[in-house]
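So that the names make sense, note that chain A is the first sequence line, chain B the second, and so on, each numbered from 1. These numbers come from a predicted model, not from an experiment.
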Amino acid sequence: MSVGFIGAGQLAFALARGFTAAGVLAAHKITASSPDTDLPTVSGLRKMGVNFTVSNKDTVKSSDVLFLAVKPPIIPFILEEVGPDIEARHIVVSCAAGVTISSIEKKLSTFCPTPKVIRCMTNTPVIVREGATVYATGTHADVEDGKLLEQLMASVGFCTEVEEDLIDAVTGLSGSGPAYAFTALDALADGGVKMGLPRRLAVRLGAQALLGAAKMLLESEQHPGQLKDNVCSPGGATIHALHFLESGGFRSLLINAVEASCIRTRELQHLADQEKISPAAIKKTLLDKVKLESPALSVASASKVSLFTNKSKKN
Amino acid sequence: GSGGVATVAMEASELWVGFVGAGRMAGGLVRGLLQAGKVPASNILASAPSDKNLDAWRELGCRTTHCNLEVVHRSTLVFLATKPHILPGVLEEIRPAVGSHHIVVSLVAGVTIQTLQRLLPPWTKVLRIMPNLPCVVQAGAMVFSRGSNAGDEEAALLKSLLSSCGLCEEVPESYIDIHTGLSGSGVAYVYLFAEALAEGAVKMGMPGALASRIAAQTLLGAAKMLLETGEHPAKLRGDVCTPGGTTIYALHQLEKGALRATVMDAVEAATNRACDMAKD
């Protein structure tokens, strides 16, 4: 089985790293493509032994499982570009937040009558094989196709199938989750430093504490509330600290965060469905690709940009 | 004693129980005792300065007096249920009549065992108990501690008698102030919460009286499930929260308001206040 990544950024790098480390895939069976060869991840992929190309079409041709590992606003461009090369054998896996299966199937169906599409939401810890992944299968993807993806993603962490309408919530929780954890760890380390620990030790201990707690929870039948109680001896240090967390509305902040991420994902999906690109989403690589119809059309405005005028390719 | 529960039960029916002070808390305890049928009303004697409180006791079949010394003379188990500032004077008054056969149990808030033992003869068996208001309806939460001369037999007797009023546990004396913050005052927190629940319902269009009754029943039911299932409250909470449902939306509001921390603050404040008052 060969795997291809359209896009050679963080996600492609993380998954390639994970798959090769897990031994489910040899590096030379992986192809990644991007028009931007300056990305730091590109050299990382090359060093791994992954086949790198600037041609998305080449990636499609040499892959059985094709990951769309580009930012959500770029997806329509990619589908336009590689659509003609998609065959019934391909399993197209989109990892783009907020991009629906139906929008992908709709775009591809102009080229291929029964495209196999799977939508996936993973997260960066796939890089250390502790990812959290969910997937939903599209109209023409069989049970075996889902299982194949599941096998791949299970090699780099936890993977389970879900109904597509839950994927935005998953984005809010485990998609963005590592960022919440990194923020917490940074702050915990600050706390340690404030109380006299050297920074490196503080970071190490904080990370280990969260890792250990997560592991205990995953391996335990008990409710996290019970596990928390087990750590809190009466009148002790921990309960004093927890009181501070509660006073600060710690729990509600986390609930707010998951909610905000989920809602934003839905907003982005809505924008994408309307085929509106927000100026913030347009990056340098895209600018090079977009053929501006009129000199008066400014990308600084949020006006509708046609996605189907792009026929230019870099290099 | 080696007779265990049977001995205690036998003793209870032959027990002469006295109350110095006949206010609400004492009234709650005596109702519990009578309800449980452990002590006949005619074996109970209560004293108070005026008849105001004593009428209710007579209606229960208890004997009453205005003389504290009489209570001590005619009882083996003596409950002290006066207001804190009255107690020192009362102890001085009854001290000459207190013997080694007596069991003295103080309900008086903020008065330590050390103080009680100081103001009573050195051989006195002293225990200190902190009940809460729902003892009145036999759903109380009580903790007690023993003084130097009170032994297993006295502790067992007290526990056996008062379990009829609700939960009754022996604890180190240092927990008594915490019990005040948690459960003594805690009852008021629940009333506040019940009122707020009902008000929310009224805002949404339900008549007040109905809302209040439902609020109370909700608290009762939830507490009953906690006590009977023995499950962790977090687990029971999770069981009620269907994904994306009404409950989790509501809980989010409670978390935004830092309800948990506020409740912890309340328990802490009441406990600290109890400690401070005891020092006075």
Side-chain angles (χ1 to χ4, degrees), chain A residues 121 134 136 160-174 180 184 213 216-218 220-263 265-266, chain B residues 143 145 169-183 186 189 193 222 225-227 229-272 274-275:
Chain A
M121 169 51 55
V134 302
T160 191
E161 186 175 7
V162 295
E163 293 296 314
E164 190 182 7
D165 60 2
L166 294 184
I167 293 190
D168 294 333
V170 173
T171 308
L173 172 57
S174 57
Y180 315 154
M216 275 182 76
L217 180 56
L218 288 171
S220 165
E221 304 271 302
Q222 295 186 305
H223 194 284
Q226 179 66 64
L227 291 171
K228 163 183 62 77
D229 286 357
N230 294 347
V231 188
C232 290
S233 43
T238 310
I239 189 70
H240 271 70
L242 276 181
H243 192 180
F244 265 100
L245 289 180
E246 298 289 4
S247 297
F250 184 58
R251 293 174 185 256
S252 82
L253 286 179
L254 291 171
I255 298 172
N256 293 348
V258 173
E259 187 176 43
S261 174
C262 177
I263 289 175
T265 304
R266 292 184 190 143
Chain B
V143 298
S145 306
E169 297 287 341
E170 182 174 1
V171 298
E173 196 178 9
S174 60
Y175 292 5
I176 289 189
D177 289 332
I178 307 173
H179 177 75
T180 303
L182 166 60
S183 182
Y189 320 158
F193 190 64
M225 281 193 70
L226 255 178
L227 288 170
T229 64
E231 303 233 58
H232 196 282
K235 160 110 188 3
L236 289 172
R237 171 173 50 88
D239 289 346
V240 187
C241 291
T242 42
T246 61
T247 311
I248 191 71
Y249 268 69
L251 283 176
H252 191 184
Q253 291 302 322
L254 292 178
E255 298 288 5
K256 281 182 188 171
L259 177 66
R260 292 172 185 259
T262 309
V263 171
M264 288 175 78
D265 288 339
V267 173
E268 189 173 339
T271 303
N272 286 338
C275 292

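In terms of heavy-atom pairs under 4.5 Å with chain A, the best-connected choice from K235(B), R260(B), E268(B) is R260(B). Interface check for chain A: of the options K256(B), Q253(B), E255(B), the most heavy-atom pairs under 4.5 Å are formed by E255(B).
Residue L166(A) does not touch chain B at all, counting heavy-atom pairs closer than 4.5 Å. Contact annotation for D229(A): only side-chain heavy atoms (C-beta onward) come within less than 4.5 Å of a heavy atom of chain B. Within the 4.5 angstrom heavy-atom criterion, only side-chain atoms of E259(A), from C-beta onward, approach chain B. In this structure, chain A has no heavy atom under 4.5 Å from any part of E231(B).
Remark: the backbone N or O of H179(B) is not paired with any side-chain donor or acceptor of S183(B) at under 3.5 angstrom. Checked by atom type and distance alone, the side chain of S247(A) pairs as donor or acceptor with a backbone atom of H243(A) at under 3.5 Å.
T242(B) and I248(B) make their closest contact through O-CG2, 4.2 Å (heavy atoms, listed as atom of the first residue, atom of the second, distance).
We find the OH-CD distance between Y175(B) and E170(B) to be 12.0 Å, quoted to the nearest 0.5 Å.
Dense packing is recorded around OH of Y180(A), with more than 12 heavy atoms of other residues, nucleotides or ligands lying under 6.0 Å away.
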